[in-house]
Number of protein chains: 2
Amino acid sequence: MIAADIIIILNIGTSFLRFRLFRLLPVCSNPSIGTLLLLKLADRNLPKLDESLLTGLPPFSRLERPQIREILDQASSRRYDEGTAVFREGHDADRFFLLLDGYLRVIRTTPDGDQIIVLHISPGQLFGIAPALQRDTYPATAMTAAESIALSWPARLWSDFTASYDGFATESYKTLGQRLGQIQQTLTEMATQAVEKRVAAALLRMVNQSGRKTDTGIEIAFPVTRQNISDMTGTTLHTVSRLLSSWEKQGIVESTRKRIAVTDPHQLVLISNGNG
Amino acid sequence: MIAADIIIILNIGTSFLRFRLFRLLPVCSNPSIGTLLLLKLADRNLPKLDESLLTGLPPFSRLERPQIREILDQASSRRYDEGTAVFREGHDADRFFLLLDGYLRVIRTTPDGDQIIVLHISPGQLFGIAPALQRDTYPATAMTAAESIALSWPARLWSDFTASYDGFATESYKTLGQRLGQIQQTLTEMATQAVEKRVAAALLRMVNQSGRKTDTGIEIAFPVTRQNISDMTGTTLHTVSRLLSSWEKQGIVESTRKRIAVTDPHQLVLISNGNG
DNA sequence: CGTTTGTTTGAGGAGCGTCAATAAGTGTGG
DNA sequence: CCACACTTATTGACGCTCCTCAAACAAACG
């Protein structure tokens, strides 16, 4: 599979690569050696980015190709290794971003060092849109959960974009609204549900947002540690480990180091609803 | 004091009343018999609402009087008794609102009946701005914590407002951003801090947002029950009651039924920071 | 003056965090 | 290729917070 990808890429060249990356975006991204090669290219901005990169995405869906061309010409693209920060809480919010490939965690840190994961960002989503909310600093840190590539624009372009491009503002605020709803959802869970339900719900959320099928079940498409899950649910890695062990014995999940697959999602839904 | 208010109102008539309500808005609203009388008037829409009602408020601060006149002419005003819902979670988001006087709680309810208070809304703030985020239903319930009065407009006007009035969109999204930040703050607290700190922080937030000075300390300007506080902090009314009792013995707070005053805010800050 | 709503306080126990020790997997350098 | 450091995961023992259950009291309200 991987070998085939490489050969195709080398033979057909960059135009196919662009198509391939584009094709991957709307569905769940499946980073392979193929896309990673493209990432290297995009990293240097060598090939002009293709319009098809953005055509399917909500903020740009109503735009014509020339407009998308304008937008892309003003974008910088960059690759980030796993575990690096795209921007940090409190820093000047001078750019806004679009995740092309990979996965991000949005993280807040407390004064005494505890951190919690507020939400995850999947390919195709805008992030770091503090400028849209008239903030001059980012309210949270964006950290890559896997190797990622993102476009970015200077913050001052936000007002140009919303003014010039029909539907850009509309669609952007729509995703913002969804994100707000999601955080509220997490908040109520955190406040009312027992740890077991919260962990089950967190797993389900990741699986729904970025699950990919394997032969035995659905696996989360980016590396996750027990510690990560405890940061999402406000508990400790020990408790998460115990829960996962017990679920593995019951045949609900399978997991190895940094990899978790859900084999019986239905059962997990039952647990998250309290009928465990 | 109250008697004086009534006399003044009856003598001077409605034009002064409007001024009075306006004057109260930018600072902390101090609902008295005087404003309540006005509320009755506004309730029936009898006197045309005065432009000065909106002049000081962020979303309208950059507008000229004729523009504000236009906006007001399209508004409905209504009074709500304490404990009634302005709108409910899941209902059609057909209007957006501005709180003129009173206090609101934004509440989410879980399937099994638990509810949590996501945030409070103070006079002068927009709320129910689901239309701005392209939502067709409200994501939460808005319930009055005290007798309140609010203006509202049909959702379809939102796009008109943002298009026609300079700074309206900017300022609205700014408050939205602040609100998002506040929810994230609450989320991290909920996930990382012990109950005692969360309750202390919740008290401080209410005091900062809507505290009014009394001779012994600063009191929260709207009715709050132990149950309410437990809904904000994800605990039980019993635990809150125990905490308040203990703080009262230490001289940090004073409280009677539905009324809480903080007499030693500094001490409360220490507790919320973990140096209790 | 009875009813409703809000508050206080106690007793008991479970959930889950803390402490601790070990093991398994991963990457690095010689 | 092995030795070593480091990260991640597992599991047990212990005990403190804080929830649950229960009962009585106080304030508001018609």
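Just so it is clear: chains get the letters A, B, ... in the order the sequence lines come, proteins before strands, and each one is counted from 1.
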Mind listing the side-chain donor-acceptor pairs of residues 221-229 of chain B below 3.5 Å, one per line with the distance, residues two or more places apart or on another chain?
from	atom 1	to	atom 2	distance (Å)
B:Thr225	OG1	B:Gln227	N	3.4
B:Thr225	OG1	B:Asn228	N	2.9
B:Thr225	OG1	B:Asn228	ND2	3.2
B:Arg226	NH2	B:Ser255	OG	2.9
B:Gln227	NE2	B:Asp231	OD1	3.2

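- Each end of the helix from C:dC1-D:dG30 to C:dG30-D:dC1 gets its own axis from five base pairs, and the two axes differ in direction by 40°, given to 10 degrees.
- Protein chain A touches strand DNA chain D; the 5'-most and 3'-most nucleotides with an atom under 4.0 angstrom of its non-hydrogen atoms are D:dT7 to D:dA13.
- With sequence neighbours excluded, the residues that form a side-chain hydrogen bond (donor to acceptor under 3.5 Å, both in side chains) with B:Ser152 are B:Arg95.
- For B:Ser77 (side chain) and B:Ala150 (main-chain N/O), no donor-acceptor pair under 3.5 Å exists by modelled atom type.
- Across all strands shown, A:Thr235 has heavy atoms under 4.0 Å from sugar-phosphate atoms exclusively, and none from any base.
- Side-chain N or O atoms of B:Thr214 include one that pairs as donor or acceptor with a backbone N or O of B:Gly217 at under 3.5 Å.
- Inspection of the A:Gln250 and A:Ser246 side chains reveals an N or O donor paired with an N or O acceptor under 3.5 Å.
- Here B:Ile149 contributes atom CD1 and B:Leu100 contributes atom CG; the two are 5.5 Å apart, rounded to the nearest 0.5 Å.
- Non-hydrogen atoms lying under 4.0 Å from DNA chain D are contributed by nothing in residues 223-231 of chain B.
- A donor-acceptor pair under 3.5 Å is formed between the side chain of A:Ser148 and the backbone N or O of A:Tyr103.
- Although no hydrogens or angles enter the test, the distance criterion places a donor-acceptor pair under 3.5 Å between the side chain of A:Thr192 and the main chain of A:Thr188.
- For residues 259-275 of chain A, every residue pair satisfying the salt bridge (charged side-chain N to carboxylate O under 4.0 Å, His left out) rule, not counting sequence neighbours, is listed here: A:Glu219-A:Arg259.
- For the segment residues 242-249 of chain A, the set of residues with a heavy atom within less than 4.0 Å of an atom of DNA chain C comprises A:Arg242, in numerical order.
- In this structure, the side-chain hydrogen bond (donor to acceptor under 3.5 Å, both in side chains) partners of B:Thr236, at least two apart in sequence or on a different chain, are B:Thr239.
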Working for side chain to side chain contact (heavy atoms under 4.5 Å, CB included), residues A:Phe127 and A:Leu104: CA-CA 9 Å; A:Phe127 67 99; A:Leu104 295 186; 3.3 Å; yes
List every contact pair, protein side and nucleotides 20-29 of chain C side both N or O, where the distance is under 3.5 Å.
from	atom 1	to	atom 2	distance (Å)
C:dT26	O4'	A:Arg257	NH1	3.2

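- Sorted pairs that involve residues 240-257 of chain B and meet salt bridge (charged side-chain N to carboxylate O under 4.0 Å, His left out), not counting sequence neighbours, are lacking altogether.
- Applying the salt bridge (charged side-chain N to carboxylate O under 4.0 Å, His left out) test to residues at least two apart or on different chains, the pairs with a partner in residues 197-207 of chain B are B:Glu189-B:Arg205.
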Report, one line per pair, each donor and acceptor closer than 3.5 Å where one atom sits in a side chain of residues 81-89 of chain B; sequence neighbours left out.
from	atom 1	to	atom 2	distance (Å)
B:Asp81	OD1	B:Arg79	NH1	3.1
B:Thr84	OG1	B:Asp81	O	2.8
B:Glu89	OE1	B:Thr109	N	3.3

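- Using the six-membered ring where Trp is involved, A:Phe97 and A:Tyr138 have ring planes that are tilted, between 30° and 60° apart.
- Here the C1' atom of nucleotide C:dT8 and the CG atom of B:Leu237 are 10 Å apart, to the nearest Å.
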